[in-house]
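What follows is a short report on a single structure.
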Amino acid sequence: MEVPDVQNHYIYALRQQWMFDKTEIWKQRAEDMKTYSEDEYNRLNIFWANFITAVATECAHSQANVGCKLRQQVIATAIVYFKRFYLRQSFRDMCPFLVASTALFLACKVEEHTTLSVSIPKRWGVTFETTSAKNGVLYDSEFILVEILDCCLVVYHPQRPMVELLDDFRLYTNSSASPTSPLKDFESIEAQCQKVINDTLRCDVGLIYAPHIIAISSILVADCTDQIYKMYTLWRSFDEKEEVKKLMAKLPKPNQQQMTQQQQHHQHHQQQSSSGYH
């Protein structure tokens with residue numbers, strides 16, 4: 001059948017490019033691991049996901065984006081872009097605050113959502129400005145982000161297989177063949193599974209397991225929930241206000257010369273190309 005073939009092709013492509021075992025993940029982060037311990041980096045994973053969510057939420061309620069209702073899928077896609085980018089780059093290569101904003105900006109386009117006027121809340125103390133359309137910082141960064149991601153911009157999230165599995169389970173429990181009673185609080189169960197899936201964005205589960213495995217694990221106990229529960233334990237003990245200051249103090253300054261060269265390269269490429277990305 002055609003559908004399974006498409007699914008198998010996707011899973012194969014995902015495994016080839018964006019799925020790794022734990023050892024491979026930490027090897028690719030070798031440059032940043034000179035600065036941070038594994039626990040510290042895991043805390044940063046939580047922080048960056050929270051940061052992108054906060055920026056998206058506050059931007060959606062800003063005067064520049066009046067009436068813009070942001071979907072969770074846009075935030076999830078932005079977080080996936082961010083995590084994949086820093087598997088191939090270190091924090092020294094490009095400012096993570098800029099990459100986070102760019103990932104959100106790009107995710108709005110890819111998910112066919114109204115493009116947000118992205119700005120970073122002043123409380124984060126970030127110096128660069130990304131709100132002006134005349135300011136090329138965000139657009140230059142977008143080209144770099146797309147290149148590092150190898151133009152793999154379509155992200156398959158666990159929500160769809162999770163909903164399909166729950167629908168199948170609901171139909172089964174409502175059938176005469178089911179030995180169990182019908183589900184009474186299906187919406188509550190689905191909401192709880194959705195919360196678990198959203199929380200997987202704060203750890204490395206999405207880089208290790210395929211979306212359908214994460215979907216199953218949000219419903220039943222499976223191997224990847226071990227990673228999720230470790231993140232929960234770390235999150236409970238993570239005092240973001242105090243610990244982020246220490247983590248940010250260790251954040252290496254981006255190599256400005258390298259960033260300038262990359263931006264000039266992309267500007268030159270854009271001028272030569274007959275049709276650009278935009």
Side-chain angles (χ1 to χ4, degrees), residues 3-22 24-25 42 45-53 56-57 69-87 100 103-104 106-113 149-150 152-173 183 185-235:
V3 173
D5 287 344
V6 172
Q7 290 176 343
N8 289 338
H9 174 74
Y10 157 67
I11 292 171
Y12 175 77
L14 181 68
R15 284 176 177 167
Q16 287 291 103
Q17 196 161 18
W18 296 115
M19 286 177 63
F20 312 89
D21 61 33
K22 297 173 192 176
E24 288 177 313
I25 289 173
N42 286 332
N45 272 338
I46 296 171
F47 168 74
W48 293 125
N50 290 346
F51 172 77
I52 291 172
T53 303
T57 304
K69 188 176 181 181
L70 196 68
R71 290 182 282 118
Q72 171 61 28
Q73 186 167 328
V74 176
I75 298 174
T77 297
I79 294 172
V80 171
Y81 286 167
F82 182 91
K83 292 166 81 70
R84 289 178 177 179
F85 180 90
Y86 281 110
L87 270 181
L104 182 60
L106 180 60
C108 287
K109 294 182 179 182
V110 174
E111 297 295 346
E112 298 181 347
H113 187 279
L149 295 178
D150 283 342
C152 298
L153 303 181
V154 177
V155 177
Y156 293 86
H157 296 288
Q159 281 85 349
R160 181 175 294 178
M162 180 268 289
V163 171
E164 291 174 353
L165 286 166
L166 284 177
D167 282 343
D168 289 345
F169 185 59
R170 177 174 58 178
L171 290 173
Y172 175 71
T173 57
L183 289 175
D185 198 6
F186 183 79
E187 289 184 1
S188 175
I189 294 171
E190 185 174 352
Q192 189 60 39
C193 291
Q194 181 65 56
K195 288 180 181 178
V196 173
I197 286 175
N198 290 343
D199 286 342
T200 63
L201 295 167
R202 294 174 170 84
C203 59
D204 289 333
V205 163
L207 299 173
I208 302 172
Y209 300 97
H212 67 280
I213 298 296
I214 300 173
I216 293 169
S217 299
S218 71
I219 303 170
L220 305 170
V221 176
D223 286 341
C224 75
T225 53
D226 181 57
Q227 288 281 318
I228 299 169
Y229 290 135
K230 282 181 181 177
M231 186 277 296
Y232 282 149
T233 303
L234 195 64
W235 196 1

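Here the structure is a predicted model, which is why all the values come from computation and not from measurement.
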### Summary
To the nearest 0.5 Å, atom CD1 of I213 lies from atom OG of S218 at 11.5 Å
#### Entry: Donor-acceptor pair, side chain of K22 and main chain of I208, under 3.5 angstrom
no
### Query
Which of parallel (below 30°), tilted (30 to 60°) and perpendicular (above 60°) describes W48 and F51?
perpendicular
### Query
Stepwise, does the side-chain contact (heavy atoms from CB on, under 4.5 Å) test hold for I79 with T53?
CA-CA 9 Å; I79 294 172; T53 303; 4.2 Å; yes
#### Entry: Shortest non-hydrogen separation from R84 to L149 and the atoms involved
CB-CD2, 3.7 Å
### Task
Check whether any side-chain heavy atom of W235 sits under 4.5 Å from a side-chain heavy atom of N50, and report yes or no.
yes
### Message
For D150, give me all partners under side chain to side chain donor-acceptor pair (under 3.5 Å), at least two apart in sequence or on another chain.
### Response
Q17, R88
### Task
Report the residues that fulfil side chain to side chain donor-acceptor pair (under 3.5 Å) with Q73, sequence neighbours left out, ordered by chain and then residue number.
E111
### Check: F47 and N45 side chains under 4.5 Å, non-hydrogen atoms
no
### Query
Taking the side chain from Y81 and the backbone from L104, do they hold a donor-acceptor pair closer than 3.5 Å?
no
### Heavy-atom side-chain contact between D167 and V163 under 4.5 Å
yes
### Task
Report the C-alpha distance between Q72 and L201 in whole Å, list the side-chain angles of each, state the deciding distance to 0.1 Å, and finish with yes or no for side-chain contact (heavy atoms from CB on, under 4.5 Å).
CA-CA 12 Å; Q72 171 61 28; L201 295 167; 4.0 Å; yes
### Query
After noting the C-alpha distance and the side-chain angles of I214 and M162, does the key distance pass the side-chain contact (heavy atoms from CB on, under 4.5 Å) rule?
CA-CA 8 Å; I214 300 173; M162 180 268 289; over 6 Å; no
### Task
Enter the distance from E190:CD to K195:NZ here, rounded to the nearest 0.5 Å.
12.5 Å
### Message
We want to know whether N42 and R202 form a side-chain donor-acceptor pair, criterion being a heavy-atom distance below 3.5 angstrom.
### Response
no
### Any side-chain heavy-atom pair of P158 and I197 under 4.5 Å
yes
### Message
Counting C-beta onward and ignoring hydrogens, is there a side-chain heavy-atom pair between L106 and T77 closer than 4.5 Å?
### Response
no
### Query
Under the 3.5 angstrom rule, does the side chain of D204 hit a backbone N or O of L207 as a donor-acceptor pair?
no
### Task
Determine, step by step, whether E24 and D21 satisfy the side-chain contact (heavy atoms from CB on, under 4.5 Å) criterion, reporting the C-alpha distance in whole Å, the side-chain angles of both residues, the deciding distance to 0.1 Å, and the verdict.
CA-CA 5 Å; E24 288 177 313; D21 61 33; 3.2 Å; yes
### Considering all heavy atoms, the nearest A78-A103 contact
O-CB, 3.4 Å
### Task
Indicate, with yes or no, if the rings of Y86 and F82 have centres closer together than 6.0 Å.
yes
